[in-house]
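Notes to accompany the following structure.
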Amino acid sequence: MADKPSPDVEACLLAHLNSGSEVPDSRSYASSLGVSHKELEDVIKSLSAFRIVESTDVTKETWVLTEEARGYVANGSPEAQLVAAIPPEGASKDVLKEKLGSVFDIGMKTAAKNKWIGFEKGNKDLVLRKVDNIKDELQEQLKRLESGESASDKVIDDLKRRKLIMKEKSIWYALKKGPQFVAKRKKLATDVTQEHLRSGDWKEIEFKDYNFGAQGQPIAVGYVQPLLEVREAIENIFLQMGFSEMPTNNFVESSFWNFDALFQPQQHPARDSHDTFFLEAPAATKQLPEDYLEKVKEVHQSGGYGSKGYGYDWKREEAEKNLLRTHTTAVSTRMLYKLAQEKPFAPKRYYSIDRVFRNEAVDRTHLAEFHQIEGLICDYGLTLGDLIGVLEDFFSSLGMSKLRFKPAYNPYTEPSMEIFSYHDGLKKWVEVGNSGMFRPEMLLPMGLPEGVNVIAWGLSLERPTMILYGIDNIRDLFGPKVDFNLIKSNPLCRLGL
Ligand code: FB9
């Protein structure tokens, strides 16, 4: 029998209301029309939006049976199923467990509690029936609830505790004429079509108002990862300050450029595998600049250029060890050495922003890798004052105007300073980086002219990005757990504004 066409719910409802009667319960009205409550709900929503109909929400919380409880209504309570499964001569627990499956345990417990079953002296395995017929109180309680009857609080609590019932909120509507009620809603035209023009009925038909408040279709566009957004902003600061980018496209570096060329002694703690990822294959680098290497060896072993060096036995094989660079300062070393080979010397401003790797304990703000931002200026007669001046410029462009400097130590810079900025939002001084003047033991073996100094500083990309985006766990910023909505909903970071 072809299912009968679903009635024009709107027309029926408007006619019904127009006849003066109201709709106290949208559920029964929907079933009277033979349509789903959902279908009626959509019509109600649309008519209420135009205040043609006034709908009042009616909510009711009812107890509904869980999956498990519906099983007991169908097959009896566990205790009832157990007793029904025990033959007059009794049955062993295994047999009963086999028969009853998951309800066995609870069945045993409750039937025993109800003294419906017992055991023979000395044979704890044979389960005996103690009653002929039983009243399955639980099944009846569940049936009564299922049919909407009420139950005592004790019963409700007991069933709740046994996770056999749960609260369900159902909502329906009481309907009556709205202030804009009409018996038949005029279909408002939404467009002047050829048909309207040809038939000329555009003169009298009513057009739907434009809804200038309507949200546009969300356009599916790509979003810039916050780290890359801040990277670009910081890159623009460097470019505006006349810096050019250093090539950082080599995560794998030799200990020579990462440590030795920086006058970092071979037994320095940062050079053991607790802090640094060394490579198994290729374990050692083949190409190091021989003559320069000799000078590095010399300055480590016995100094020179006014330095007494470290006075230890410098090993080439140690310097040849390959690793994942621990800082982009390794790239600065390569660039300064290259610069030193270019005669005559020309001052330079370089920056780098790229990944560095440290075998560190991972926590809320630290991963085994982060993006280091580094800036350096190489020129005659540069002083610590110049460094402080450049840091003021750089960080003020990042919106950090109040800076303080704390003496620090790096193997490759003397003097060195930790940089602190007062962060208005966090109402505290935040460590925003490290800096210093590269040691002559690093610069002169490269062949840089006497009197040429190099001021440099570094910070991370993750920290400013986390603070600017209000992200407190680095896993929310980097890696598989990044929440796209955070990226989509986050405004463009306005650095320094
Ligand atoms: O980024 C860091 N802090 C920071 C930076 C900006 C910022 O902006 C906010 C919007 C307001 C907030 C915070 N730091 C450096 C300081 C700390 O986070 C520090 O605990 C962690 N540091 C990393 C290294 O951790 C082992 C940040 C990383 C760092 C530290 C030093 C250098 C580079 C990165 C360097 C250097 C250097 C020194 C001399 C010469 C050349 C390079």
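Ligands are counted one by one from 1 in listed order, and the atoms in each one are counted from 1 as well. In this text the structure is predicted, and so the values were computed from the model without any measurement.
- Evaluated by nearest non-hydrogen atom to atom 13 (C) of ligand 1, the leading choice among Arg463, Met417, Glu418 is Arg463.
- Across the listed options Gly433, Gly458, Ala408, Pro464, Gly458 owns the non-hydrogen atom lying nearest to atom 35 (C) of ligand 1.
- Between Glu317 and Lys315 there is no salt bridge, since no side-chain nitrogen of the basic residue lies less than 4.0 Å from a carboxylate oxygen of the acidic one.
- Atoms of ligand 1 found under 4.0 Å from any heavy atom of Ala456, numbered from 1 in the order shown, are 40 (C), 41 (C).
- Among residue pairs with one or both ends in residues 423-453, those qualifying as ring-ring contact (aromatic ring centres under 6.0 Å, His included) are Tyr422-Trp429; sequence neighbours excluded.
- Counting heavy atoms closer than 4.0 Å to ligand 1, residue Glu431 contributes atoms from both its backbone and its side chain.
- In the vicinity of Arg358, heavy-atom distances shorter than 4.0 Å reach the ligand 1 atoms 24 (C), 25 (O), 26 (C).
- When non-hydrogen atoms are compared, ligand 1 lies under 4.0 Å from the side chain of Ile467 (C-beta onward) but not from its backbone.
- In this structure, Glu462 does not pair ionically with Arg231, as no charged nitrogen and carboxylate oxygen lie closer than 4.0 Å.
- Glu290 has a carboxylate O that lies under 4.0 Å from a charged side-chain N of Arg316, or vice versa, which qualifies the two as a salt bridge.
- For a threshold of 3.5 Å applied to N or O pairs, the pair formed by Ser435 and ligand 1 contains no separation below that value.
- No salt bridge links Asp42 with Lys45; every basic N to acidic carboxylate O contact stays at or beyond 4.0 Å.
- Between Arg334 and Glu253 there is a salt bridge, with a side-chain nitrogen of the basic residue lying less than 4.0 Å from a carboxylate oxygen of the acidic one.
- Residue His423 has at least one heavy-atom neighbour below 4.0 Å for each of these atoms of ligand 1: 11 (C).
- The atoms of ligand 1 that sit less than 4.0 Å from any heavy atom of Glu374 are 41 (C), 42 (C).
- For Lys208, the side-chain hydrogen bond (donor to acceptor under 3.5 Å, both in side chains) criterion is met by no residue, not counting sequence neighbours.
- Short contacts between ligand 1 and Glu360, defined as distances under 4.0 Å to a heavy atom of the residue, involve ligand atoms 26 (C).
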